[in-house]
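Inspection log for the structure reproduced underneath, given as structure tokens.
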Protein chains: 2
Amino acid sequence: MGVTIKDVAKAAGVSTATVSRVLNNSNLITPQTTEKVRNAMRELGYFPNNIARSFANQNTYIIALVVDIEEPTAFNNPYFYQIQYGIEKYICPKGYYLMIVNENTLNHNGTAFSKLFFEKRVDGLILPVSLLHKNLVKKMEEQKFPFVIIGEPENSYDTNWIDINNKMAGEISTTHLIENQYKRIAFVSGSRKDLFNKNRLDGYLTALAKHGFQPNPDLIKEGGFSKEDGYSIMNEFFKQNNPPDGIVFTDNLVAFGALSAIKEHGIKIPDDIGLVSFDNFPVAELSDPQITTVDIDLLDLGIQAASMLLKEIQLPSTTKQQSLLSVRLIKRGTSKRSQR
Amino acid sequence: MGVTIKDVAKAAGVSTATVSRVLNNSNLITPQTTEKVRNAMRELGYFPNNIARSFANQNTYIIALVVDIEEPTAFNNPYFYQIQYGIEKYICPKGYYLMIVNENTLNHNGTAFSKLFFEKRVDGLILPVSLLHKNLVKKMEEQKFPFVIIGEPENSYDTNWIDINNKMAGEISTTHLIENQYKRIAFVSGSRKDLFNKNRLDGYLTALAKHGFQPNPDLIKEGGFSKEDGYSIMNEFFKQNNPPDGIVFTDNLVAFGALSAIKEHGIKIPDDIGLVSFDNFPVAELSDPQITTVDIDLLDLGIQAASMLLKEIQLPSTTKQQSLLSVRLIKRGTSKRSQR
DNA sequence: ACTTTTTATGCAACCGGTTACATTAATCTA
DNA sequence: TAGATTAATGTAACCGGTTGCATAAAAAGT
């Protein structure tokens, strides 16, 4: 039905091997022959059948990004979207394509995505640390199957991984508040079962220590993802007899909710209280005042992850790559104290 | 290196054909034989090589979603992200995988994605109407290659397509303002070169006509995507000697910017002016007051598009499928007048 | 001019499944 | 129970490229 390499070979008066070599820019072929073959291809409207190509050399030129997003929260959080965009941007000019798999739509045992590996559907995987499973990792390493983890894994894993520098993020945001003369600085994060939240807290504590502040357990809270959570956490703080005058939030939406609570109490931002948040998602610019945030460059994270993976695919190595990306603070209205 | 069908055949004492039939759940095979083969597979840790499978039957079980997102705007707009999520959700349980291609990272002639089709890398395509090109469409139709367009194309195209009902969206949003006793209702949309904006305007005009309102050219504006655009457009309205008291925006962010301008003028929302926007993106809930929006169900759009495509892949038909999805209004703070 | 080396091309096996067709085993019919 | 029909399995060609090895052609060496 389609035009095959045989048709081209016949039309150009050469063998299929020669046509194949032209396709692959082998440097064995004479310019004249190349020319002949190219012409034949053009005349016949030939395109190489990619499935056959993959079959012959046992690779697909596809890599997959595995995500685990839940429906309700999916669209508030552009996390994977930005990473995805970065990956695509990097691999596409190199002739690779990106496949997206959401583990949650497969809903088996949390390793359904591993079919991609077992069935050789892709040449490599990028997956979030939350989907790491000991057995699967062992199998992939045995077969030298390339994969890169997004997020720092527990140190029992020696794999390729990449993450933003969460400790640094915790430290610079806290330091920023300290430098703006806030004195009682609180820290509100997601679950500290997650290593990245532990690291963020670590950064917060480091900053306090460096400036001679004592950490105060009352000012360290855990849990919360939503605007509503932020609202109620803030109100809990207000019930304390000595509430914080500065808060580091590790989530934009939580900060957004806290903002409402603060306004309701008639407390001035940033004069009476300073706020810093993480993840410079678009919402951070929409509040009034705009939220000071740690900007994590997820586009770059995607690019770096992809680069790491392609390196592994193209020249497999036994030493694993690891990378921590710097973050920077974007100073906005919630932390710029007029004076004091 | 890997375990192949031959190994399984030998271990089970049957032919490769039988193993293949077991793999494909052919109903020719005896339960006993099936059992034998399954056991052999299990013992050997066999997984079918998917590349070989694809090669044998010339399909990939992959479909691609082609997008065209520009970097700066990419993350404000979860448009494709939600659609993508819907597609993935639909196709995954049916054994298909999703590939994502961003035309803008390929940056050739706007049809770089067509390689996917020519090289048979995927079984079908879902692409936005903005990427439609006459010649390419002709070629794809000649070869009966399945594809679905997101967005209503100009009527010179007879293809499978799906869109939200933009006229309905324009009409219900306008009607809602009319019913809330707003009298001078403006309409602010993106470029009217795009059919969907024409349709939205059409809906607006229809609603006005149904309620005996005369359209007023001063109240119909075009252009703008950002918060800043919304801010300046709103200020232009305020310069008019008879500004609107109700506005339909076709973009969340534009409405967000307009909101700031309105507040600065000390005008009360929703008592003095009512706002409705399109696209119920997460930001709509973050403003104060929250923005009344037309909710377009992009998750469903993705699901429907995928369903359309798989239908086309599984049983090709000559009659094209078209679908307009209903929209609904989510009433929030910017349009709930206390009384009048 | 004749061997030796290098370069360009062809031959054919191979990648791992699928499936049309052939063959054998099982079941049915009279 | 032989003969016809149906069900289960096997044989081998095929999908469309790639590539090791053989060979032919060209270039270099003596």
Side-chain angles (χ1 to χ4, degrees), chain A residues 1-41 44-62 95 115 117-123 143, chain B residues 1-41 44-62 95 115 117-123 143:
Chain A
M1 174 219 69
V3 181
T4 75
I5 204 170
K6 272 187 205 149
D7 303 318
V8 176
K10 206 191 298 173
V14 298
S15 72
T16 61
T18 302
V19 178
S20 173
R21 291 191 183 104
V22 170
L23 272 180
N24 293 288
N25 303 311
S26 160
N27 53 4
L28 286 173
I29 309 291
T30 347
Q32 298 88 293
T33 310
T34 303
E35 179 70 8
K36 262 194 309 188
V37 172
R38 285 262 147 75
N39 284 338
M41 286 179 177
L44 298 173
Y46 170 76
F47 276 87
N49 180 320
N50 204 269
I51 306 176
R53 266 184 128 162
S54 283
F55 180 54
N57 55 32
Q58 290 296 316
N59 56 35
T60 59
Y61 291 99
I62 300 174
K115 263 184 86 174
F117 150 64
F118 286 120
E119 296 187 352
K120 306 203 183 353
R121 272 184 185 271
V122 297
D123 292 351
Q143 303 200 20
Chain B
M1 170 219 73
V3 180
T4 75
I5 204 170
K6 271 186 206 151
D7 303 318
V8 176
K10 205 191 299 173
V14 299
S15 72
T16 61
T18 301
V19 178
S20 174
R21 291 192 184 104
V22 170
L23 273 180
N24 294 286
N25 303 310
S26 159
N27 53 4
L28 285 172
I29 309 291
T30 344
Q32 296 90 294
T33 309
T34 303
E35 180 69 7
K36 260 195 309 188
V37 172
R38 285 260 147 78
N39 284 338
M41 287 179 178
L44 298 174
Y46 170 77
F47 277 87
N49 179 321
N50 205 270
I51 307 176
R53 265 183 129 161
S54 282
F55 180 54
N57 54 33
Q58 291 295 314
N59 55 36
T60 60
Y61 292 99
I62 299 174
K115 264 184 85 175
F117 150 64
F118 286 120
E119 296 187 352
K120 307 205 183 352
R121 268 183 188 275
V122 296
D123 293 351
Q143 302 201 22

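Every chain is numbered from 1, with letters handed out A, B, ... down the list of sequences. Quick note: numbers below take in every heavy atom, side chains included, and nothing from hydrogens, waters or symmetry partners.
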_Determine whether T16(B) and V8(B) satisfy the following criterion, side-chain contact (heavy atoms from CB on, under 4.5 Å), listing intermediate values before the conclusion._
CA-CA 8 Å; T16(B) 61; V8(B) 176; over 6 Å; no
To the nearest angstrom, how far is [X] atom [atom1] from [N] atom [atom2]?
X       : N       : atom1 : atom2 : value
N49(B)  : dG17(C) : CG    : P     : 6 Å
N57(B)  : dA13(D) : CG    : P     : 21 Å
I29(A)  : dA25(D) : CD1   : P     : 16 Å
L23(A)  : dT9(C)  : CG    : C1'   : 16 Å
L28(B)  : dT23(C) : CG    : P     : 18 Å
Q58(A)  : dC15(C) : CD    : C1'   : 6 Å
I51(A)  : dC14(D) : CD1   : C1'   : 15 Å
R121(B) : dG17(D) : CZ    : P     : 13 Å

*Walk me through it: do N24(B) and R53(B) pass the test side chain to side chain donor-acceptor pair (under 3.5 Å)?*
CA-CA 11 Å; N24(B) 294 286; R53(B) 265 183 129 161; 3.3 Å; yes
Within the pair [X] and [N], is there a side-chain N or O less than 4.0 Å away from OP1 or OP2?
X      : N       : value
S15(A) : dC11(C) : no
R53(A) : dG16(D) : no
Y46(A) : dG17(D) : yes
T30(B) : dT9(D)  : yes
N24(A) : dT18(D) : yes

_Taking atom types as they are modelled, would you say the side chain of R21(A) forms a donor-acceptor pair with the base of dG17(D) within the 3.5 Å cutoff?_
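Answer no: no donor N or O sits under 3.5 Å from an acceptor.
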Is any side-chain heavy atom of [Y] closer than 4.5 Å to one of [X]?
X      : Y      : answer
F47(A) : M41(A) : no
P48(A) : I5(A)  : no
L23(A) : V37(A) : no
K36(B) : V22(B) : no

*Please work out if S20(B) contacts a base, only the sugar-phosphate, or nothing of the nucleic acid, heavy-atom cut-off 4.0 Å.*
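Touches a base.
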*asked:* Once you apply a heavy-atom cut-off of 4.0 Å, does T33(B) come out as touching a base, just sugar-phosphate, or nothing?
replied: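 Result for T33(B) = sugar-phosphate.
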*Residues of residues 4-13 of chain A with any non-hydrogen atom less than 4.0 angstrom from an atom of DNA chain C: list those, numerically ordered, please.*
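G13(A), in order of number.
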*Look at the side chain of T4(B) and the backbone N and O of K6(B), then say whether any donor-acceptor pair between them is shorter than 3.5 Å.*
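Yes, because the side chain of T4(B) sits within donor-acceptor range (under 3.5 Å) of the backbone of K6(B).
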*Has the side chain of D123(A) got a donor or acceptor atom that lies under 3.5 Å from a matching backbone atom of T60(A)?*
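Checked: pair present.
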_Nearest-0.5 Å distance that lies between atom CD1 in I51(B) and atom CZ in R121(A)_ =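 Reported value, rounded in 0.5 Å steps: 10.0 Å.
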*Report the end-to-end axis angle of the helix from dA1(C)-dT30(D) to dA30(C)-dT1(D); each axis comes from five terminal pairs, and the value is rounded to 10°.*
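Inter-axis angle at the termini of the helix from dA1(C)-dT30(D) to dA30(C)-dT1(D): 40°.
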_Here's a test of your reading of the structure: between V14(B) and A52(B), which maps to the more 5' nucleotide of DNA chain D?_
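Residue closer to the 5' terminus by nearest nucleotide: V14(B).
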*Closest nucleotide of DNA chain C for A17(B) versus for F55(B): which of these residues is on the 5' side?*
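By nearest-heavy-atom nucleotide position, the 5'-most residue is F55(B).
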*Sole residue of E119(B), K120(B), Q58(B) in side chain to side chain donor-acceptor pair (under 3.5 Å) with N49(A)*: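 Among E119(B), K120(B), Q58(B), the one that satisfies the side chain to side chain donor-acceptor pair (under 3.5 Å) with N49(A) is Q58(B).
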